[in-house]
Amino acid sequence: MGRAVFTGRFLGGMQALRPIDPVILAQSRTTLSFLVLAPILLLTNRSSLRVRGKYMAQFFLLGILGVAASNFLYFYAIEKTTVALAIVLQYVAPVWVLLYMLARRLQHPTTRRISGVIFAVIGCGLAVGGIAAQRGFPWLAISGPRYDTLGVIAGEMAAISFAFYNVYGQHLLQLYDRWTVLLYALLGAATFWLVVNPPWKIAAQHYSRGQWLFMAVFSITSMLVPFSLYFSGLQHLDPTRAIVTACLEPVWAILLTALLLGELVSGTQVVGIVVVLGATILIQRPERKARGEPAIAVEPIE
């Protein structure tokens with residue numbers, strides 16, 4: 001679906017709609033998801049709407065610096081560089097999460113955790129074709145990127161934002177259920193985008209009915225459903241394990257592309273898939289908890 005947005009074509013090459021700007025894509029994902037989720041919770045789970053005023057700023061912080069920032073920076077990195085390079089840069093996020101957890105002494109630097117994070121990042125790069133083997137040290141290199149300084153910076157900032165909403169999102173999930181956290185994080189992101197890109201600017205684009213339908217479906221399938229599942233996972237996993245598991249995202253993208261579009265999967269990609277799966281299994285295996293280490297991080301980011 002992301003390919004359809006940037007190229008203006010549905011999968012298979014059939015002309016369907018004009019390309020949609022990355023800013024509008026990021027804005028529509030959060031705003032339309034909020035407009036769908038809010039009435040559903042109003043009718044089915046009103047308790048999820050009740051929050052103490054002092055936490056609203058934290059929800060908005062999660063929505064702006066976590067959800068909105070990671071979305072836009074990721075799409076901007078794709079636009080300025082390549083999809084492969086943007087994915088490799090974003091999936092350095094497990095390293096940032098682990099470094100934060102270690103710096104705050106919320107986890108101990110066990111061999112399993114460190115190796116799991118390293119393998120996840122390397123495997124992700126191999127899977128998307130962004131990292132290729134080479135002769136001589138360091139034996140791995142980013143392969144054929146369309147290098148752009150701003151794009152590379154945006155990709156790494158997307159990784160930091162991704163890491164941020166893993167850690168900070170779990171802090172809020174210790175206080176409220178996932179529907180409350182998701183709703184008000186989306187509200188924060190939607191409010192931010194309304195200020196940056198107000199409605200009259202969107203109206204001036206004269207998007208067609210097909211484009212609005214596309215954005216509605218895209219927001220539900222790529223934001224509302226996966227984020228609700230991901231926040232549910234954060235209630236049961238520490239941030240390091242959750243974000244390493246998220247490295248399976250490009251693996252599934254490659255497998256679905258092969259199954260639905262018939263695109264071939266290279267040997268390097270197969271190796272990358274195996275490495276990511278191995279890293280996920282490695283880091284999820286239970287290990288003896290060190291004295292004084294919490295099972296789940298509950299402290300907020302200062």
Side-chain angles (χ1 to χ4, degrees), residues 22-23 25-34 37-38 48 51 54-78 86-87 89-101 103-104 106 153-197 218-219 222-247 249 296-302:
V23 173
L25 180 63
Q27 181 173 8
S28 65
R29 289 181 81 196
T30 54
T31 304
L32 295 178
S33 292
F34 172 78
L37 182 61
S48 297
V51 297
K54 68 177 184 178
Y55 291 114
M56 286 302 296
Q58 296 186 40
F59 286 123
F60 272 54
L61 189 66
L62 177 65
I64 295 171
L65 298 183
V67 177
S70 63
N71 274 264
F72 171 72
L73 290 168
Y74 179 56
F75 289 136
Y76 184 83
I78 289 176
I87 291 177
L89 291 171
Q90 171 155 299
Y91 280 93
V92 177
V95 176
W96 291 110
V97 170
L98 182 61
L99 289 176
Y100 171 80
M101 300 293 284
R104 293 296 301 273
L106 299 174
I153 293 174
E156 198 51 47
M157 292 300 294
I160 294 174
S161 295
F162 187 20
F164 172 77
Y165 79 67
N166 270 267
V167 177
Y168 203 69
Q170 193 189 71
H171 154 63
L172 291 173
L173 287 166
Q174 306 302 310
L175 305 171
Y176 292 97
D177 68 45
R178 71 180 186 275
W179 298 117
T180 304
V181 175
L182 179 59
L183 177 71
Y184 287 104
L186 289 173
L187 176 60
T191 303
F192 167 77
W193 283 120
L194 283 176
V195 174
V196 173
N197 197 41
F218 188 75
S219 66
S222 71
M223 172 65 73
L224 184 57
V225 172
F227 270 60
S228 63
L229 293 171
Y230 195 76
F231 282 1
S232 177
L234 276 174
Q235 291 180 312
H236 304 283
L237 299 173
D238 62 67
T240 304
R241 287 179 172 177
I243 202 167
V244 169
T245 305
C247 287
E249 177 184 340
I296 293 180
V298 297
E299 296 183 42
I301 293 178
E302 298 294 344

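Owing to the predicted nature of the structure, the values given are computational and were not obtained by experimental measurement.
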Report task. Indicate the atoms forming the closest heavy-atom contact of Pro239 with Leu234, along with that distance. Result -> CA-CD2, 4.4 Å

Query - Rounded distance (nearest 0.5 Å) linking atom OH of Tyr100 with atom CZ of Phe164 - result: 9.5 Å

Query - Nearest-0.5 Å distance, CG of residue Asn71 to CG of residue Leu25 - result: 8.0 Å

Query - Shortest non-hydrogen separation from Ala154 to Leu73 and the atoms involved - result: O-CB, 3.5 Å

Side-chain donor/acceptor pairs under 3.5 Å, residues 181-195, sequence neighbours excluded:
from: Tyr184; atom 1: OH; to: Leu49; atom 2: O; distance (Å): 2.5
from: Thr191; atom 1: OG1; to: Leu187; atom 2: O; distance (Å): 2.8

Query raised in the report: So, does Thr180 use its side chain to make a donor-acceptor pair with the main chain of Ser48 at under 3.5 Å?
Result: yes

Report summary line: One should read off an interatomic distance between Phe227 CZ and Phe231 CZ, to the nearest 0.5 angstrom, of 6.5 Å

Requested in this report: Keeping the roles fixed (side chain from Gln170, backbone from Leu237), state whether a donor-acceptor pair exists under 3.5 Å.
Outcome: yes

Report summary line: Heavy-atom nearest pair, Arg178 first then Leu173, reads CA-CD2, 3.5 Å

Contacts under 3.5 angstrom, residues 61-69 side chains, donor-acceptor by atom type, not counting sequence neighbours:
none

Query raised in the report: For the residue pair Asn197 and Gln27, what are the closest heavy atoms and their distance?
Result: ND2-OE1, 2.9 Å

Report summary line: Note: Trp179 and Ser228 closest approach over all heavy atoms is CZ3-CB, 3.6 Å

Query - Backbone of Ser219 reached by a side-chain donor or acceptor of Ser33 within 3.5 Å - result: yes

Query raised in the report: Say you draw a straight line from OH of Tyr55 to NE2 of His171; how long is it, rounded to the nearest 0.5 Å?
Result: 7.0 Å

Query - Check: Arg241 main-chain N/O paired with Thr245 side-chain donor or acceptor under 3.5 Å - result: yes

Query raised in the report: Do Phe75 and Arg29 have side chains that get closer than 4.5 Å, going by heavy atoms?
Result: yes

Report summary line: Taken to the nearest 0.5 Å, the spacing of Leu224 CG from Leu229 CG works out to 9.5 Å

Requested in this report: Determine the interplanar angle of the Tyr76 and Phe72 rings, folded into 0 to 90°, and report it as parallel if under 30°, tilted if 30 to 60°, perpendicular if over 60°.
Outcome: tilted

Query raised in the report: Between Tyr165 and Phe162, does the ring centre distance come in under 6.0 Å?
Result: yes

